[in-house]
2 protein chains.
Amino acid sequence: MSSLDSSPHAVEGTGAVPGGEVAKQIPPAAVARLTIYLRALNTLLAEGVERVSSESLAEASGVSSSTLRKDLSYVGSYGTRGVGYEVQYLSRHISAALGLTHDWKVAIVGAGNLGKALARYGGFETRGFDVVAIFDADQMVVGNEVGWLRVSDVADLEAVLERTGANMVVLALPAAVAQAICDRVVAAGVHSILSFAPVMLQVPAGVNLRKVDMATELQILAYHAQRAQTPDHTA
Amino acid sequence: MSSLDSSPHAVEGTGAVPGGEVAKQIPPAAVARLTIYLRALNTLLAEGVERVSSESLAEASGVSSSTLRKDLSYVGSYGTRGVGYEVQYLSRHISAALGLTHDWKVAIVGAGNLGKALARYGGFETRGFDVVAIFDADQMVVGNEVGWLRVSDVADLEAVLERTGANMVVLALPAAVAQAICDRVVAAGVHSILSFAPVMLQVPAGVNLRKVDMATELQILAYHAQRAQTPDHTA
DNA sequence: CCATGTGAATCTATTCACAGCG
DNA sequence: CGCTGTGAATAGATTCACATGG
């Protein structure tokens, strides 16, 4: 767990510094939700909606309006009191705060069903993520087309990451090989990794690893379902 | 720095009944981590390890040992002071606390790459989840084999859910149709839903919905990567 | 007026530190 | 002893409530 904050404290309420952009840290829980607001805003934009209130954006995002307003306050003051938010304007500012102003180049390791699903998932390009490579170890799969990409041999991982300029990697491969590939990815200089492999990966400090695990999600559902089944008399 | 986040969704009735001894609720953050400990324990079991300390189980799970011990304390006292935990014994008790003692029957809606990836994901059966049906709307896909299942027509959703006794549903389908299918699933009496569709689904109270979204995960990585790039001036 | 933006209060989670037991 | 289990302390997130300004 890296606690790499050196800033004393996020002192809010300072007037907007003209011309100077001081990067203030946004609480992790707020960052996760900001991505959701962003999607809701883009949906509204596609529907031609121009203004939105905290109340209705909150409802569309599944949070309380006070949570939404607090989250937005970490980004800045981009609303109009008594009116609401301009959809496009707010969307732009959240994108900027999240670092989505330039495209990120994503490489996917593993061209099984999951890797292919990710490579073809249309939602990425429209959100600033560009899938630039997909790898597999199976020689029967190397060279196949996936979307508009050709599957590279994982043996060439370092070279292809270098050549394509990938700065994010998604691991969609079996647990058994995940750590080894992860180590190579880190050694190749990629510091942002999203893993779908059902294992705890060890990474050095400074590397950002996120993990998605379907079995975990189902187990959490199971816990709640089981509780709901117990004869729970309220009073 | 990996972060798991716990359920932002469906609320559930609180169970503090005065005078009655009811299963105590485990904090959501702890539930999420208990699934990880469970996997680590099962790995150890497969390796033939019989005992483990909080320190090493914590390391294998990527948490601090105090967090681990606190989490286990919500489940019960199953360790031996001065020694550690018996792997199999602890695993059993965590499983029981999470409601994994009986099998859950999972239906997958959407037989695209993602749906197929999930259906074939071997990790489920060994963890108490049994995939009993997979659906698609495309008549070219209906009837195809996926693993040992045959793809059902989503038109028969209610009938097949009923017949197979599915009590969990995974939505692996396009955003545009997700809400409509979700409504039908809920109406059919399934109260535990895991969605991979990139939209906010609205469900009635009492329904447990969890959401996994790759775009969100990448955006969170982007935020951290962007921050790491900024020249961190320590005043 | 009205909805935003924000301190203050509350609630939840994590960490500390040590008592208690094998 | 050593390591678990747990109250107490700290840190973080959410909610409340209202001052603020278009």
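Annotation: B:Arg92, atom CZ; neighbour count of heavy atoms from other residues, nucleotides and ligands within 6.0 Å does not exceed 12. In B:Arg51, the CZ atom is not crowded: 12 or fewer heavy atoms of neighbouring residues, nucleotides or ligands sit closer than 6.0 Å. Atom CD of A:Glu50 is surrounded by 12 or fewer heavy atoms from other residues, nucleotides or ligands within 6.0 Å.
An OP1 or OP2 oxygen of D:dT15 is reached within less than 4.0 angstrom by a side-chain nitrogen or oxygen of A:Thr67. Residue A:Tyr85 has no polar side-chain atom (N or O) positioned under 4.0 Å from OP1 or OP2 of D:dG22. Under 4.0 angstrom from either OP1 or OP2 of D:dT4 there lies at least one side-chain N or O belonging to B:Ser54.
Salt bridge B:Lys105/B:Asp130: absent, no basic N to carboxylate O contact under 4.0 Å.
Residue A:Arg81 places a side-chain atom within donor-acceptor reach of the base of D:dT20, judged by atom type and a 3.5 Å distance cut-off alone.
Taking NE2 of B:His93 as the reference point, atom OG of B:Ser91 lies at 10.0 Å (rounded to 0.5 Å).
Atom-to-atom, CD of A:Glu55 to C1' of D:dC16 comes out at 14 Å; the value is rounded to the nearest Å. In this structure, B:Gln25 atom CD and C:dC11 atom P are separated by 14 Å, rounded to whole Å. If you measure from atom OH of B:Tyr74 to atom P of C:dT12, you get 11 Å, rounded to the nearest angstrom. Rounded to whole angstrom, the span from the NZ atom of A:Lys70 across to the C1' atom of D:dA17 amounts to 12 Å. Following rounding to the nearest Å, A:Leu72 (CG) and D:dT14 (C1') show an atom-to-atom distance of 15 Å. Distance CD (A:Glu86) to P (D:dG22): 16 Å, rounded to an integer number of Å. If you take CG of B:Asp71 and P of D:dT6, they are 13 Å apart, rounded to a whole angstrom. Here C:dG20 presents its P atom at 16 Å from CZ of B:Arg69, a figure rounded to the nearest Å.
Summary of the strand contacts: A:Pro27 and A:Gly82 both lie near DNA chain D, and taking for each the nucleotide with the nearest heavy atom, the more 5' one is attributed to A:Pro27.
For B:Thr80, counting side-chain heavy atoms from C-beta on, the closest listed nucleotide (D:dT4, D:dA8, C:dG22) is C:dG22. Counting only heavy atoms from C-beta on, B:Ser66 has its side chain closest to C:dC16 among C:dC16, C:dT4, D:dT4.
Among the heavy atoms of the strands lying under 4.0 Å from A:Arg33 are primed sugar atoms or P, OP1, OP2 only; no base atom is included. Backbone-only engagement by A:Ser64 is indicated by non-hydrogen atom pairs under 4.0 Å involving sugar-phosphate atoms exclusively.
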